[in-house]
Amino acid sequence: MAATTVYKEPAPLLDRENPLESMMSRFNVAAEILGLDEETYEVLKAPDKQVIVHIPVTMDNGKVRVFEGYRVIHNTILGPSKGGIRYDKNVHLDEVKALAAWMTWKCAVVDLPYGGAKGGIICEPATMSAGEIERLTRGYTLAMKDVFGPDRDIPAPDMGTGPREMAWLMDEFSKTVGATSPAVVTGKPLVMGGSLGRTEATGRGVMVAALAALKKLGLEPTQVSAAVQGFGNVGTWAAKLLSEQGVRIKCISDISGAYWNEAGINIDEAVAYKNAHKGRLDGFTGAVLMENADDLLTTNVDVLVPAAVEDVITEHNAHDIKAKLIVEGANGPTSASADPIINEKGIMVVPDILANSGGVTVSYFEWVQNRQGFKWTEEMVTERADRIMSDAFEKVYATSQKYNVPMRIAAYVVAIDKVAQTYKFRGGF
Ligand code: NAD
């Protein structure tokens with residue numbers, strides 16, 4: 001059968017900042033503070049490897065469609081690369097490159113023995129059957145069989161993928177190497193080598209980082225209010241765990257809108273409502289629907305947790321933010337152009353590469369357990385993850401004090417310094 005090629009040029013990144021440029025502008029500031037030598041700068045500014053594959057998939061109607069997929073390995077000086085795989089119609093190579101570099105910094109800032117990578121396939125999973133997604137996932141794995149590996153590159157879920165896809169990936173990879181290879185991928189279902197505590201790990205890390213930041217600001221969790229944008233994996237767990245610490249969650253939102261309750265939203269009720277309504281908050285009666293969902297970002301709360309999508313805090317709304325603390329659950333929620341405005345206003349920002357690193361930390365624990373052939377208890381996972389997050393926060397905070405720079409730049413300084421020092425010891429240019 002002849003293949004019907006549906007390859008299209010990826011949509012241009014018109015209406016938002018180029019995420020690669022956004023990342024590089026912060027990287028450049030940190031590199032200058034560190035006095036990074038030119039050679040290391042040149043090595044780190046570009047990815048080590050970019051793989052583009054075209055995956056033919058027999059669709060349920062019998063026709064073959066060819067999908068374009070990417071895997072970008074940004075850097076592996078600290079160890080095998082780690083990063084999620086995104087299934088989305090807007091996947092763009094520039095974005096994958098930025099996300100891969102983010103993973104290098106994220107792993108370095110929390111001191112994991114990993115480099116950074118990211119993958120993606122241009123597709124619309126919502127319009128595809130489970131069989132089509134399975135064939136696509138297996139085809140992508142086969143195409144990447146020389147890239148992936150427990151000691152080379154370890155994928156994980158990202159937008160549009162979850163434990164189901166990771167199980168297919170693990171199975172397909174295991175077949176190609178002729179041995180069950182659970183450590184090739186993290187985010188697997190619990191029964192086949194996933195880790196306890198992974199589901200809540202990112203939101204839990206956001207909570208731990210928020211509490212550490214509040215302490216520095218001299219604020220008690222029981223005296224502050226918060227707004228959480230996004231009510232998916234990260235947002236629900238961040239909201240739930242913060243509310244358990246006494247924080248009054250006044251506002252939550254998802255793709256259906258933003259919901260406000262001055263007295264505080266009962267997060268368990270909101271989660272139960274969402275679970276009973278196809279994962280969405282439409283019609284939730286425990287709070288009032290706000291006229292404009294974007295107002296969540298500028299509403300009168302002490303803590304703002306963007307935990308949905310990129311580039312929501314920009315030079316257009318940063319002036320109006322009233323929160324004293326922003327804890328970035330999402331990757332890249334603040335555009336580089338908003339940084340100076342936020343800094344001018346004296347708002348403390350716990351940046352994405354630190355705030356949402358709880359997820360990759362517990363992914364690392366999953367990989368360690370797979371390699372040990374031994375399962376840790378949930379207490380072991382959370383206790384160790386909390387400690388890693390607190391230590392990383394303190395290190396970044398101390399760096400921000402030392403150089404008198406915002407936490408975001410300090411996080412890049414910590415990460416780039418670790419990578420640069422490792423290059424010095426390993427040498428080999
Ligand atoms: P998810 O798909 O589970 O949830 C996303 C949520 O955001 C949904 O509730 C959706 O309705 C909502 N949303 C989408 N667009 C929105 C908009 N414009 N305004 C308000 N809400 C909107 O995703 P997730 O896993 O929770 O990831 C959220 C963010 O956190 C992403 O940036 C992701 O890269 C980042 N992140 C996730 C993890 C993880 O472990 N899941 C780890 C690190 C970083």
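Side-chain atoms are counted along with the backbone in the values below, which use heavy atoms only and exclude waters and symmetry mates. Order of listing sets the numbers, starting from 1, for every ligand and every atom in it.
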Per the salt bridge (charged side-chain N to carboxylate O under 4.0 Å, His left out) rule, which among Asp146, Asp153, Asp48 passes with Arg71? Asp153
Looking at [X], which atoms of ligand 1 are within less than 4.0 Å of one of its heavy atoms?
X: Phe231; result: 6 (C), 9 (O)
X: Gln229; result: 19 (N), 20 (C)
X: Ala308; result: 7 (O), 13 (N), 21 (N), 22 (C), 28 (C), 29 (C), 31 (C), 32 (O)
X: Ala330; result: 29 (C), 30 (O), 32 (O), 35 (C)
X: Ser253; result: 20 (C)
X: Asp254; result: 9 (O), 11 (O), 20 (C), 21 (N), 22 (C)
X: Arg198; result: 40 (O)

For Ile252, run the side chain to side chain contact (heavy atoms under 4.5 Å, CB included) check against Leu281, Leu296, Val305 and tell me which one passes. Leu281
So which of Leu354, Ile353, Thr334 actually passes side chain to side chain contact (heavy atoms under 4.5 Å, CB included) with Glu328?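 Between Glu328 and the candidates, side chain to side chain contact (heavy atoms under 4.5 Å, CB included) is satisfied uniquely by Thr334.
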Is Lys145 salt-bridged to Glu172, cutoff N-O under 4.0 Å?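 The answer is no: the pair does not qualify as a salt bridge.
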For the rings on Tyr259 and Phe231, is their centre-to-centre separation under 6.0 Å?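 Here the rings of Phe231 and Tyr259 have centres that are no less than 6.0 Å from each other.
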Quick check on [X] - does any of its heavy atoms sit under 4.0 Å from an atom of ligand 1?
X: Arg280; answer: no
X: Met159; answer: no
X: Gly329; answer: yes

Measure from NZ or CZ of Arg384 to the centre of the six-membered ring of Trp376, then state whether that distance is under 6.0 Å and the direction lies within 45° of the axis.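 Yes - Arg384 lies over the ring of Trp376, closer than 6.0 Å to its centre and within 45° of its axis.
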Heavy-atom count around [X] [atom1] within 6.0 Å, excluding the residue itself: above 12?
X: Lys322; atom1: NZ; result: yes
X: Lys216; atom1: NZ; result: yes
X: Glu291; atom1: CD; result: no

Please work out which of Asn356, Val234, Asn233, Val312 has its closest non-hydrogen atom nearest to atom 27 (O) of ligand 1. Val234
Which is closest to atom 1 (P) of ligand 1 in terms of heavy atoms, Gly279, Gly160, Gly232, Gly235? Gly232
Starting from [atom], what is the nearest protein heavy atom, named by residue and atom, and what distance separates them?
atom: atom 11 (O) of ligand 1; answer: Ile255 N, 2.9 Å
atom: atom 33 (C) of ligand 1; answer: Asn331 ND2, 4.0 Å
atom: atom 18 (N) of ligand 1; answer: Val309 CG2, 4.0 Å
atom: atom 40 (O) of ligand 1; answer: Thr202 OG1, 2.7 Å

Return yes when at least one protein heavy atom is under 4.0 Å from atom 21 (N) of ligand 1, and no when none is.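 Protein heavy atoms within 4.0 Å of atom 21 (N) of ligand 1 - there is at least one.
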Nearest protein heavy atom under 4.0 Å from atom 15 (N) of ligand 1, yes or no: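 Yes, because at least one protein heavy atom sits under 4.0 Å from atom 15 (N) of ligand 1.
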For ligand 1, note which part of Ala307 has a heavy atom under 4.0 Å away: side chain, backbone, both or neither. backbone
Mind telling me whether Tyr114 and Tyr364 have parallel, tilted or perpendicular rings, with 30° and 60° as the class edges? perpendicular
Between Asp339 and Arg26, is the side-chain contact (heavy atoms from CB on, under 4.5 Å) condition met? List the steps. CA-CA 9 Å; Asp339 282 353; Arg26 279 95 173 227; 2.7 Å; yes
Under the salt bridge (charged side-chain N to carboxylate O under 4.0 Å, His left out) rule, what do Arg86 and Glu310 come out as? Steps first, then yes or no, please. CA-CA 14 Å; Arg86 185 169 285 194; Glu310 285 152 34; 3.5 Å; yes
